[in-house]
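To start, the structure under review is shown below, and the notes come after it.
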Amino acid sequence: MASVVRRGRSSWGSPEARQLGQEEQVELLIVGSGIRRDMGQPHAAVLALQGQVDKVKNKPWAARVWYAYADALLEVGREADARSWFAKAAVADQDGETDAIERVEELDGVHLQEVPDSDGQAVPEGEGDDPTSTP
């Protein structure tokens with residue numbers, strides 16, 4: 001797979017790329033999208049993933065594809081679309097591989113603030129505030 005990534009876009013249809021499993025091919029598309037963003041081609045990054053976002057539903061890698069797509073959408077200024085895809089990624093991300101929930105909260109303007117607990121330890125606001133517990 002490394003040689004496919006090194007050779008870039010022309011390699012996606014190569015015999016090496018076709019020998020990859022479906023998940024590896026999708027991962028290659030995610031990497032390719034990131035490379036386009038790094039090269040200053042954010043619209044191409046969106047297009048690189050656009051054909052996959054509807055095809056990966058119910059696949060274990062859906063959260064990663066949707067997250068990458070949302071990130072690319074955000075970069076081209078499509079904030080509402082990005083929020084929608086981050087939300088889909090958050091629901092699909094059962095293993096916590098992404099920070100999609102935090103990205104949705106960030107886009108929604110939610111800012112969590114850490115506050116010190118009684119021991120001086122910083123904890124996120126709302127955690128540790130159990131009114132039924134006794135000190």
Checklist entry - Considering all heavy atoms of both residues, which atom of Ala48 and which atom of Leu29 are nearest to each other, and what is their separation? => result O-CD2, 4.0 Å
Item to check | Glu102 vs Val110 side-chain heavy atoms within contact, under 4.5 Å | outcome: no
Checklist entry - Minimum heavy-atom separation for Val56 to Val53, with atom names? => result CG2-O, 3.7 Å
Checklist entry - Can you find a pair of side-chain heavy atoms, one from Glu97 and one from Tyr67, that are under 4.5 Å apart? => result no
Next on the checklist: Measuring only between side-chain heavy atoms, which start at C-beta, is Arg36 closer than 4.5 Å to His43?
Outcome noted: no
Next on the checklist: Which residue in the set Arg83, Arg78, Glu79 passes side chain to side chain contact (heavy atoms under 4.5 Å, CB included) when paired with Asp81?
Outcome noted: Arg78
Checklist entry - With side chains defined as the heavy atoms from C-beta onward, is the minimum distance between Leu107 and Leu74 less than 4.5 Å? => result yes
Item to check | Any Lys57 side-chain heavy atom under 4.5 Å of Trp66 side chain | outcome: yes
Checklist entry - Taking the side chain from Asp93 and the backbone from Thr98, do they hold a donor-acceptor pair closer than 3.5 Å? => result yes
Next on the checklist: For a 4.5 angstrom cut-off between non-hydrogen side-chain atoms, does Phe86 reach Asp71?
Outcome noted: yes
Item to check | Lys/Arg-Asp/Glu bridge criterion (N-O < 4.0 Å) met for Arg64, Glu27 | outcome: yes
Item to check | Nearest heavy-atom neighbours spanning Ala72 and Ser33 | outcome: CB-OG, 4.5 Å
Item to check | Pairwise side-chain contact, Gln52 with Tyr69, heavy-atom cut-off 4.5 Å (strictly under) | outcome: no
Next on the checklist: For the CD1 atom of Ile35 and the CD1 atom of Ile30, what is their distance to the nearest 0.5 Å?
Outcome noted: 12.0 Å
Checklist entry - Between atom CG of Leu47 and atom CD of Gln41, what is the distance when rounded to the nearest 0.5 Å? => result 10.5 Å
Next on the checklist: Tell me the closest heavy-atom pair linking Leu20 and Glu24, and the distance in Å.
Outcome noted: CB-CB, 3.9 Å
